[in-house]
Amino acid sequence: MADIPATVPVTVPATPAQTFPLWVVESLVFSGNGIEQPLTAEAWFRIARRNAASSTGWDLGDERRNYHIADVWALAGTDSDVASTMTDIIATLTRLATSAGVL
């Protein structure tokens, strides 16, 4: 999971001593093929904090937030970071699929 610092750390009222200072990506889904229908992306973020005593190294809070991109390629056309990231993702997936004998 990538650490994304929360602008304002979330404190869960029921347990006032527990502050969750990070947002982690809990789920990232791409759908559509970008040719016949738009390539969409949806990310679910969840509040979290590191906890060395936990078996996963994390304590996850209850708060979740969703972010949806209706057309990834349209966004990539105006945002070079998105374009570069998508190029890297596609190159990596192609390399992995080729190494696995899929392509």
Side-chain angles (χ1 to χ4, degrees):
M1 289 188 213
D3 292 356
I4 302 169
T7 306
V8 177
V10 178
T11 301
V12 180
T15 54
Q18 295 185 356
T19 299
F20 294 86
L22 300 171
W23 287 102
V24 295
V25 176
E26 186 173 42
S27 172
L28 175 61
V29 177
F30 290 92
S31 60
N33 63 17
I35 299 167
E36 296 162 338
Q37 68 269 357
L39 178 67
T40 65
E42 184 171 35
W44 281 94
F45 297 90
R46 189 166 178 182
I47 57 172
R49 67 177 175 205
R50 294 186 180 279
N51 178 356
S54 168
S55 62
T56 63
W58 294 92
D59 286 335
L60 299 175
D62 294 329
E63 186 170 345
R64 291 178 169 90
R65 296 198 184 159
N66 175 264
Y67 180 67
H68 180 79
I69 300 172
D71 190 335
V72 174
W73 293 125
L75 182 59
T78 62
D79 187 315
S80 62
D81 286 339
V82 173
S84 176
T85 299
M86 290 305 296
T87 298
D88 289 346
I89 289 170
I90 291 167
T92 300
L93 289 173
T94 301
R95 178 183 55 79
L96 292 171
T98 301
S99 294
V102 174
L103 300 178

With heavy-atom distances below 4.5 Å as the criterion, would you say the side chains of Trp23 and Arg64 are in contact? no
State the CZ-CZ distance between Phe45 and Arg65, to the nearest 0.5 angstrom. 10.5 Å
Closest approach of Ala76 to Ala83 (non-hydrogen atoms, all atoms of both residues): O-CB, 3.6 Å
With distance as the sole test, does Arg49 use its side chain to make a donor-acceptor pair with the main-chain N or O of Leu22 at under 3.5 Å? no
Could you tell me which non-hydrogen atom of Ala43 sits nearest to which non-hydrogen atom of Leu28, and how far apart they are? CB-CD1, 4.1 Å
Closest non-hydrogen atoms of Val82 and Val72, given as atom of the first, atom of the second and distance, are CG1-O, 4.1 Å
Value rounded to 0.5 Å, distance of CD in Glu26 from CG in Asn66: 11.0 Å
Side chain to side chain contact (heavy atoms under 4.5 Å, CB included) for Phe20 and Asp59? Distances and angles first, verdict last. CA-CA 8 Å; Phe20 294 86; Asp59 286 335; 4.1 Å; yes
Does Thr98 reach the main-chain N or O of Thr94 with its side chain, forming a donor-acceptor pair under 3.5 Å? yes
With a 4.5 Å cut-off on side-chain heavy atoms, are Met86 and Leu39 touching? yes
Would you indicate whether the side-chain heavy atoms of Glu42 and Phe30 approach each other to under 4.5 Å? no
Is it the case that the side chain of Thr92 and the backbone of Ile89 share a donor-acceptor pair, with hydrogens and angles ignored and the cut-off at 3.5 Å? no
Of all heavy-atom pairs between Pro38 and Ala70, which one has the smallest distance, and what is that distance? CB-O, 3.6 Å
Are Val25 and Trp44 side-chain neighbours, meaning at least one heavy-atom pair lies under 4.5 Å? no
Side-chain touch Val24/Leu60, heavy atoms, less than 4.5 angstrom: yes
Here the gap from Arg95 atom CZ to Leu103 atom CG, rounded to the nearest 0.5 Å, amounts to 12.5 Å
Minimum-distance pair of heavy atoms, taken over all atoms of Gly34 and Trp73: CA-CD1, 3.9 Å
I'd like to check Ile69 versus Thr40 (side-chain heavy atoms, cut-off strictly below 4.5 Å). Are they in contact? no
Do Thr87 and Ile90 have side chains that get closer than 4.5 Å, going by heavy atoms? no
